[in-house]
Amino acid sequence: MSEIRVDFNRPEPFGRELEYMAEAVANGHISGDGPFTKKVHSFLERELPVPKALLTTSCTHALEMAAILLDIQDGDEVIVPSFTFVSTINAFVLRGARPVFVDIRPDTLNLDESKLDAAITPQTKVIVPVHYAGVGCEMDAIMQIANQRNIPLVEDNAHGLFGKYKGQHLGTFGVMATQSFHETKNFTSGEGGALLINNAELIERAEIIREKGTDRSRFFRGQVDKYTWVDIGSSYLPSDILAAFLYGQLEQRDQIQSHRKTLWETYFTALTDWAKMMSVALPTIPAHSDHSYHMFYILLPNLELRQKFIKYLRELRIYSMFHYLPLHLSDMGKHFGGKPGDCPVTEDISDRLVRLPFHNGLSAPEQEQALEAILEFKT
Ligand SMILES: *Cc1c(COP(=O)(O)O)cnc(C)c1O
C-alpha cells in the first residue's frame, strides 16, 4: 500500500499570505476595515464587477446581513433548495422566516426553476438560489419569475466565486449575493465571507448593520462628526489579519483557478469510460456555464454502493465525502412540515453523491493515486 495519504481538503498558503499577515500587524491596524480589507473590497468590486463588496466574518453572517437588509419578519417565507448548507436558510429563520424548500434539477443539482412558480405565495419575501459546485443556476428563468412576482433574489454563491452564467459572474445577478472564504472553499481566510451588493440603495444600511448598527463608516469618511447607534446590527467585520491572508489568496486567482481546472478535467477525462461501465454519473456542466471548479463529485447508483465506495477509498487512505442531507428532512426541516417525498430529487441525490479529494494543495501524484484506486473499485 502506498505511503501517500490523499486528503479530501488541505488548506495551503502558496503565495504571500503569511507575509501580508505580518504586514497587517506591522501596519498597526489589525481590527476590521484596515488596508487589506480595502484591497479585498476593491479587488472583488473591480473583477466581478459589483457596486459594493463587504468582507464579513463568514458567508453565514453575510446571509444574516442580507436577511436584516430585506427586513425579514415573522411569518415571511423564504424559498431555498433543500439540497444546501444549513446557513442558506438558517440566516432567514433567525429573523422569523419560514423555509419553503424547492427540489433541485437532476443534472446540475441546482434549484429547479420549473418548480419555483408553484412555491411562491403572497408571503414569499426572497428566493435564495445556490450555485451548487459553482455551476450557475438557470438565472434567465429564475430572474424572469422573480422579476414578474417582484421578489428579490439573494444568491448563495459560497461555491461559485469567479464562475459565470452566460458570460456574467455569479454573484452579480441578485440584489445581493454571499461568498464564503471558509477553508473548504476555493479561496480562504480560514473563516470568512463577503456580502456583494448589486442594489446601490442597500449599501449605506449594509455598512451600518455590519458596524454594530452605528454610522461609524460615515464617520470615518468624514460625512458625520460623531458616530452613533442608528439601526439594528452586529459585528460582522473580520480582522485585517484575515483579510491579509485572503488578499494573498485572491492575488493568486489565476494560478489557483488553473490548478483546480486541471484537477477537475483530469478527473473528468480519466473517469468517463469507467463511469459509463459502472452506471456512475459525472457532473453536468451546461454549455452556457463557466463553472468555478469548486468540487468534483460523482453519483453512484445507490446508497449502498456509495457507502461501500467511501469505505473502500478510506481503507486506502484516500478521503472522499458525501454532501448535504436534505434540509426538509432534518429535525428543523420536519419542524417546519418537511416530509419524505417533498423533494424526491434531493432525497435521491443526497444518498448517491460523493465528493472526491479536491483542493489547492492536491498534487498530480496524489490525484493519480486516487484515480488508480477509483478505477479498481468493484461493485
Ligand atoms: C460553505 C457554505 C456556506 C457557509 O459558509 P461559512 O463561510 O462557513 O459561513 C453557506 N452556503 C453554502 C452553499 C456553503 O457551501
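Just follow the structure's listing: the first ligand is 1, and inside any ligand the first atom is 1.
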Can you label the angle between the F83 ring and the H323 ring as parallel, tilted or perpendicular, going by 30° and 60°?
perpendicular

Any carboxylate oxygen within less than 4.0 angstrom of a Lys/Arg side-chain nitrogen, looking at E23 and R16?
no

Among all protein heavy atoms in this structure, tell me which lies nearest to atom 9 (O) of ligand 1, with the distance rounded to 0.1 Å.
T60 OG1, 2.5 Å

Are E113 and R105 within salt-bridge range, i.e. N to O under 4.0 Å?
yes

Could you find the nearest protein heavy atom to atom 14 (C) of ligand 1 and give me its residue, atom name and distance?
A158 CB, 3.3 Å

Check this for me, if you would: do K308 and E304 make a salt bridge, where the nitrogen-to-carboxylate-oxygen distance has to be below 4.0 angstrom?
no

Protein heavy atom at shortest distance from atom 15 (O) of ligand 1
H159 NE2, 2.8 Å

Side-chain donor-acceptor pair under 3.5 Å between Q252 and E17, yes or no?
yes

Mark up the atoms of ligand 1 that fall under 4.0 Å of a heavy atom belonging to S58, in ascending order.
7 (O), 9 (O)

Write out the residue and atom name of the closest protein heavy atom to atom 3 (C) of ligand 1, then the distance separating them to 0.1 Å.
F85 CD2, 3.5 Å

Counting non-hydrogen protein atoms only, what is the nearest one to atom 1 (C) of ligand 1? Give residue, atom name and distance.
K185 NZ, 1.7 Å

Check whether any heavy atom of G192 sits under 4.0 Å from an atom of ligand 1.
yes

Salt bridge flag under 4.0 Å for residues D71 and R205
yes

Side chain, backbone, both or neither: which part of Y324 comes within less than 4.0 Å of ligand 1 when only heavy atoms are counted?
side chain

Ligand 1 versus H61, non-hydrogen atoms closer than 4.0 Å: side chain, backbone, both, neither?
neither

Could you check F43 against H41 for ring pair (Phe, Tyr, Trp, His ring centres under 6.0 Å), going step by step and ending with a plain yes or no?
CA-CA 5 Å; F43 181 94; H41 288 172; over 10 Å; no

Closest to atom 7 (O) of ligand 1 among protein heavy atoms sits S180 OG, 2.7 Å

If you have a sec, work out which protein heavy atom is nearest atom 11 (N) of ligand 1 and how many Å separate them, to one decimal?
D156 OD2, 2.8 Å

Using only heavy-atom distances, determine whether the side chains of E251 and Y20 contain a donor-acceptor pair under 3.5 Å.
yes

Side chain, backbone, both or neither: the part of C59 lying under 4.0 Å from ligand 1 by heavy atom:
both

